[in-house]
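Would you mind keeping the following structure in view while I ask a few things?
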Number of protein chains: 2
Amino acid sequence: MCEANAYMVKDGKEELLMESVDLIEPEDNNNSYRIMSIFGEQKIVKGRIKSMNLVAHKILFERFV
Amino acid sequence: MCEANAYMVKDGKEELLMESVDLIEPEDNNNSYRIMSIFGEQKIVKGRIKSMNLVAHKILFERFV
């Protein structure tokens, strides 16, 4: 399976938001993102995408400054 | 491998931007994205992320309206 883990980067540290994320959809004019795991878990992440590395299964979010 | 294909959605149609995308990084204050394939190809995509479905290996971009 090709899902990825989502992290929030805070002060240079990566805090796990959700494992096995499948779906990512922007909300609120791209000021937040709805992420959904393959297990049906959902979360709204306030912030923006910092980077994604699909081969490494990693999605990084960051807060707006 | 878990790369995905990137498409631009125009008038409801999906136009392929790049296959086998590995890295995605926002640029220009999230008004464009640099996408890179596992083959080293790079492209700047003007627009925003419309949705991502990692299990389906699909990243959709759309232009700002």
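Throughout, protein chains are lettered first and strands after them, A, B, ... in sequence-line order, and every chain is numbered starting at 1.
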- Message: Could you check whether any side-chain heavy atom of A/Ile38 comes within less than 4.5 Å of a side-chain heavy atom of B/Val55, counting everything from C-beta outward?
- Response: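 In contact.
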- Message: Between B/Lys58 and B/Glu14 (salt bridge meaning N to carboxylate O under 4.0 Å), is one present in this structure?
- Response: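 Salt bridge: yes.
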- Task: Report the C-alpha distance between B/Phe61 and B/Tyr7 in whole Å, list the side-chain angles of each, state the deciding distance to 0.1 Å, and finish with yes or no for ring-ring contact (aromatic ring centres under 6.0 Å, His included).
- Result: CA-CA 6 Å; B/Phe61 290 92; B/Tyr7 301 85; 9.9 Å; no
- Query: Checking heavy atoms, do the side chain of A/Leu60, its backbone, both or neither come under 4.5 Å from chain B?
  - Reply: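 A/Leu60 has no heavy atom closer than 4.5 Å to chain B.
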- Do A/His57 and A/Glu3 touch side chain to side chain, with heavy atoms closer than 4.5 Å?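 Heavy-atom side-chain distance check fails, nothing below 4.5 Å.
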- Between A/Ile24, A/Leu23, A/Asp22, A/Ile35, which has the largest tally of heavy atom pairs under 4.5 Å with chain B?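 So the answer, after comparing A/Ile24, A/Leu23, A/Asp22, A/Ile35, is A/Asp22.
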- Item | Close approach to chain A in residues 44-53 of chain B, criterion heavy atom under 4.5 Å |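 Those residues of residues 44-53 of chain B which have a heavy atom under 4.5 Å from chain A are B/Arg48, B/Ile49, B/Lys50, B/Ser51, B/Met52, B/Asn53.
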- Task: Could you check A/Ser37 against A/Glu19 for side-chain contact (heavy atoms from CB on, under 4.5 Å), going step by step and ending with a plain yes or no?
- Result: CA-CA 7 Å; A/Ser37 78; A/Glu19 288 185 308; over 6 Å; no
- Indicate, with yes or no, if A/Tyr33 and A/Met36 share a hydrophobic cluster defined by side-chain heavy-atom contacts under 4.5 Å among Ile, Leu, Val, Met, Phe, Trp and Tyr.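 No, it is not one cluster - the side chains of A/Met36 and A/Tyr33 are not joined through contacts under 4.5 Å.
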- Side-chain heavy-atom pair A/Asn30, B/Asn30 within 4.5 angstrom cut-off: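 Not in contact.
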